[in-house]
Amino acid sequence: MKKINVIFVLISLIGLFATSCVKENIQENTNENIGQKANHVAKARKINTEKESTNPGDVYVASYELSSTVGHNSSDCAGSCTMVGGVYCHVNCQGYGTTCASTAAVRVTRNPGKSSSYEAITLDDYGPTDELTFNMPARSFYIEDMDFDNGYIWLNIPAQQLVRNNIHQSFHYENLSFTTQALYLNL
């Protein structure tokens, strides 16, 4: 009977040690190396300023062309590069071709219900995808334009699932913000 208890204790200790090593490796792969492995660029370009703005002095209300990578090839990470729903995992490419490139032309307006946030709709029916939904990851888009203090601004879009409007065929982005520092890592 004692021999069985000793074997059980040894197996438990080995399991505990192996589990802590796996957790340590997952922590190491995701937190420390995430910026090095998946630091993707996201940029935006102001297409035109909206003339019909309710706030004519609001330099953020305009049309923009957004471009970034969305997802990555599985060979670029060990299957645990991006946080989705509280769990690290791999996100496949979204967008056109094999480069995970995604572009969209959007019109940004002030959110009527929240004076400090903005919203946007796509201006065409194929950006950022021609599918019915798009899993928009959190992105901070760098905009270089002399209309902004210091000649640049960051357009921040939180993670959200975009659903195509059946009538207008556009996507609606919510809770956008403009800041002088990026809010998201663009992973």
Side-chain angles (χ1 to χ4, degrees), residues 30 33-50 52-53 60-114 117-145 152-179 181-187:
T30 56
N33 299 328
I34 245 174
Q36 296 169 3
K37 291 182 179 178
N39 187 13
H40 301 296
V41 176
K43 292 184 179 180
R45 180 177 61 88
K46 188 186 282 189
I47 300 170
N48 68 328
T49 303
E50 296 297 317
E52 310 94 36
S53 173
Y60 307 124
V61 174
S63 295
Y64 298 90
E65 182 180 74
L66 311 175
S67 63
S68 74
T69 56
V70 180
H72 51 272
N73 296 321
S74 60
S75 61
D76 292 343
C77 76
S80 59
C81 298
T82 303
M83 176 77 75
V84 176
V87 177
Y88 284 101
C89 64
H90 167 73
V91 177
N92 287 325
C93 289
Q94 295 184 79
Y96 301 106
T98 59
T99 60
C100 302
S102 177
T103 61
V106 299
R107 182 174 56 237
V108 174
T109 57
R110 190 168 288 278
N111 186 333
K114 300 176 185 175
S117 75
Y118 293 82
E119 59 187 15
I121 60 165
T122 53
L123 298 176
D124 51 48
D125 59 355
Y126 56 85
T129 182
D130 57 356
E131 301 291 326
L132 296 177
T133 61
F134 182 73
N135 292 320
M136 177 69 196
R139 286 284 181 270
S140 288
F141 293 90
Y142 179 78
I143 305 169
E144 188 172 349
D145 191 300
Y152 72 92
I153 199 76
W154 290 91
L155 167 58
N156 304 292
I157 303 176
Q160 54 193 285
Q161 182 169 19
L162 305 177
V163 178
R164 188 174 299 283
N165 179 300
N166 290 336
I167 298 169
H168 304 332
Q169 299 302 308
S170 60
F171 287 114
H172 180 247
Y173 299 75
E174 296 181 342
N175 300 318
L176 283 66
S177 64
F178 290 88
T179 58
Q181 297 291 321
L183 296 183
Y184 305 111
L185 296 176
N186 296 337
L187 300 177

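What you are looking at is a predicted structure, and each value in this text was computed from that prediction instead of being measured.
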Which heavy atom of [X] sits nearest a heavy atom of [Y], and at what distance?
X	Y	result
Pro128	Phe171	CD-CD1, 3.7 Å
Val61	Arg110	CG2-N, 4.1 Å
Gln161	Thr133	NE2-CB, 3.6 Å
Ser140	Asn186	N-OD1, 2.7 Å
Trp154	Gln181	CD1-C, 3.6 Å

State the [atom1]-[atom2] distance between [X] and [Y], to the nearest 0.5 angstrom.
X	Y	atom1	atom2	result
Tyr64	Leu155	OH	CG	7.0 Å
Lys43	Ser68	NZ	OG	12.0 Å
Arg45	Asp145	CZ	CG	10.5 Å
Asn165	Leu132	CG	CG	11.5 Å
Thr122	Leu162	OG1	CG	8.5 Å
Phe141	Leu66	CZ	CG	4.5 Å

- request: Using the test ring pair (Phe, Tyr, Trp, His ring centres under 6.0 Å), find all partners of Tyr184 that sit at least two apart in sequence or belong to another chain.
  value: none

message: With a sphere of 6.0 Å drawn around CD of Glu144, does it hold more than 12 non-hydrogen atoms of other residues, nucleotides or ligands?
response: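 Open.
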
Pair Asn156, Thr179: side-chain N/O donor-acceptor within cut-off below 3.5 Å: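 Yes.
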
query: Can you tell me if Arg164 uses its side chain to pair, donor with acceptor, with the backbone of Glu131 under 3.5 Å?
result: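 Present.
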
- request: Answer yes or no: is there a donor N or O on one side and an acceptor on the other, between the side chain of Asn111 and the main chain of Glu119, under 3.5 Å?
  value: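 Checking the backbone N and O of Glu119 against the side chain of Asn111, no donor-acceptor pair under 3.5 Å is found.
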
- request: Would you mind telling me which of Ile157, Ile121, Leu176 makes a side-chain contact (heavy atoms from CB on, under 4.5 Å) with Val108?
  value: Leu176

query: In terms of the angle between their ring planes, are Phe178 and Tyr118 parallel, tilted or perpendicular, with boundaries placed at 30° and 60°?
result: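 It falls in the perpendicular class, over 60°.
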
